[in-house]
Amino acid sequence: MELQLLRQYLPNGTNGSLIHNGKLLCNTIELPWLNNLPGRSCIPEGRYKLTLRNSRRFGQHLLLNEVSNRTLILIHPANSALLELRGCIAPVSMLTGAGRGVFSKPAFGKLMAIVMAAIKHEPVFLIIKKQQHDHPTTVGGTHTAVL
């Protein structure tokens with residue numbers, strides 16, 4: 001299975017649309033692009049295999065494997081990239097600004113349900129790329145998802 005993350009790069013954060021089977025699954029927030037600087041930048045565009053990971057802090061979540069010059073790049077709940085992320089990706093139900101969103105836990109739960117069902121039978125990959133044009137879910141630069 002492949003998921004696509006279509007990014008919009010902004011000075012104070014990176015906003016994205018997470019696409020599954022051609023439809024918007026949820027939005028995402030990340031740190032701004034700062035040349036892959038560990039702990040301060042979102043990660044480079046590319047194709048990453050996702051695996052399940054468990055920790056005391058986040059419980060069960062996702063790990064992006066083989067990220068260039070980075071370790072422990074996760075997908076976990078967060079509502080503010082600058083305050084809560086160190087290079088990871090957070091699903092959100094709705095974007096509220098650059099690198100900010102709301103209702104991350106329901107969006108994360110929806111993503112995990114889809115990944116958990118697929119990962120038992122096939123590898124799961126995340127393809128990250130720049131949004132080339134307005135996606136059908138874009139309204140005035142803000143992406144919305146209904147959960």
Side-chain angles (χ1 to χ4, degrees), residues 1-10 13-33 36-96 98-139 142-147:
M1 179 177 84
E2 289 186 343
L3 300 167
Q4 280 193 7
L5 176 55
L6 304 177
R7 282 180 171 164
Q8 179 185 18
Y9 297 98
L10 304 164
T14 301
N15 293 346
S17 299
L18 190 59
I19 309 298
H20 174 249
N21 286 337
K23 295 183 182 178
L24 179 67
L25 175 63
C26 63
N27 298 293
T28 62
I29 59 170
E30 300 175 75
L31 291 170
W33 174 250
N36 200 29
L37 186 64
R40 301 210 27 189
S41 175
C42 60
I43 63 171
E45 295 175 7
R47 185 173 188 259
Y48 302 98
K49 184 176 182 182
L50 299 178
T51 53
L52 297 174
R53 184 174 183 274
N54 206 337
S55 73
R56 289 180 92 185
R57 182 173 181 188
F58 299 117
Q60 192 163 50
H61 55 277
L62 299 170
L63 173 71
L64 281 76
N65 293 275
E66 298 182 22
V67 178
S68 178
N69 299 313
R70 304 287 286 274
T71 59
L72 289 177
I73 301 300
L74 312 174
I75 298 178
H76 64 79
N79 291 305
S80 172
L82 292 177
L83 297 176
E84 301 174 83
L85 300 179
R86 299 293 169 256
C88 299
I89 301 168
V92 295
S93 298
M94 186 172 66
L95 296 166
T96 59
R100 293 190 326 260
V102 292
F103 307 116
S104 185
K105 287 183 182 179
F108 177 74
K110 188 175 178 182
L111 170 62
M112 286 298 289
I114 289 169
V115 171
M116 293 290 288
I119 209 162
K120 296 174 187 175
H121 309 288
E122 62 183 312
V124 177
F125 293 92
L126 177 65
I127 299 168
I128 302 173
K129 58 186 176 180
K130 182 178 181 177
Q131 183 176 318
Q132 296 300 320
H133 52 80
D134 280 346
H135 189 269
T137 58
T138 302
V139 179
T142 301
H143 304 272
T144 58
V146 178
L147 296 179

*When rounded to the nearest 0.5 angstrom, what is the spacing between CG in Asn65 and CG in Leu50?*
7.5 Å

*Which pair of non-hydrogen atoms, one from Phe125 and one from Arg47, has the smallest distance, and what is that distance?*
CD1-NH2, 3.3 Å

*Has the side chain of Asn15 got a donor or acceptor atom that lies under 3.5 Å from a matching backbone atom of Ile29?*
no

_I'd like to know whether Leu62 forms a side chain to side chain contact (heavy atoms under 4.5 Å, CB included) with Met112, so could you lay out the CA-CA distance, the side-chain angles of the two residues, the decisive distance to 0.1 Å, and finally the verdict._
CA-CA 8 Å; Leu62 299 170; Met112 286 298 289; 3.6 Å; yes

_Could you check whether any side-chain N or O of Gln8 sits under 3.5 Å from a backbone N or O of Gln131, counting only pairs where one atom can act as donor and the other as acceptor?_
no

*Give me the one residue out of Leu3, Leu111, Thr28, Leu63 that meets side-chain contact (heavy atoms from CB on, under 4.5 Å) with Ile75.*
Leu111

*asked:* For Pro77 versus Ala90, what's the shortest heavy-atom pair and its separation?
replied: C-CB, 4.3 Å

*Would you find more than 12 non-hydrogen atoms of other residues, nucleotides or ligands less than 6.0 Å from Asn54 atom CG?*
yes

*asked:* If you compare all heavy atoms of Ala107 against all heavy atoms of Cys26, which two are closest, and at what distance to 0.1 Å?
replied: CB-CB, 3.9 Å

*asked:* Using a 3.5 Å distance criterion without hydrogens, assess whether the side chain of Asn36 forms a donor-acceptor pair with backbone atoms of Ser68.
replied: yes

*Which pair of heavy atoms, one from Thr14 and one from Pro32, lies closest together, and at what distance?*
OG1-CA, 3.6 Å

_Which heavy atom of Ser55 sits nearest to which heavy atom of Arg53, and what is that distance?_
CB-NH1, 3.7 Å

*asked:* Applying side chain to side chain contact (heavy atoms under 4.5 Å, CB included) to Leu5 and Lys129, what does each step give before you reach the verdict?
replied: CA-CA 6 Å; Leu5 176 55; Lys129 58 186 176 180; over 6 Å; no

*Parallel, tilted or perpendicular: which describes the rings of Trp33 and Tyr9, with under 30° parallel and over 60° perpendicular?*
perpendicular

*Arg40 atom CZ, neighbour heavy-atom count above 12 within 6.0 Å*: no

*asked:* To the nearest 0.5 Å, what is the distance between CG on Leu25 and CD1 on Ile19?
replied: 8.5 Å

*Donor-acceptor under 3.5 Å (Gln132 side chain, Lys130 main chain)*: yes

*asked:* Using only atom types and a distance under 3.5 Å, with no angle test, would you say the side chain of His61 pairs donor to acceptor with the backbone of Gly59?
replied: yes

*Shortest non-hydrogen contact from Leu31 to Gly39?*
CD1-O, 3.8 Å

*Interatomic spacing from CZ in Arg100 to CG in Leu82 - rounded to 0.5 Å*: 8.5 Å

*About how many Å separate CD of Glu30 and CD1 of Ile73, when rounded to the nearest 0.5 Å?*
9.5 Å

*Is there a side chain to side chain contact (heavy atoms under 4.5 Å, CB included) between Leu64 and Arg70 once you walk through the steps?*
CA-CA 10 Å; Leu64 281 76; Arg70 304 287 286 274; over 6 Å; no

*If you round to the nearest 0.5 Å, how far is CE of Met1 from CD of Glu122?*
6.5 Å

*For the atom pair NE2 (His76) and CD1 (Ile89), what is the distance rounded to the nearest 0.5 Å?*
9.5 Å

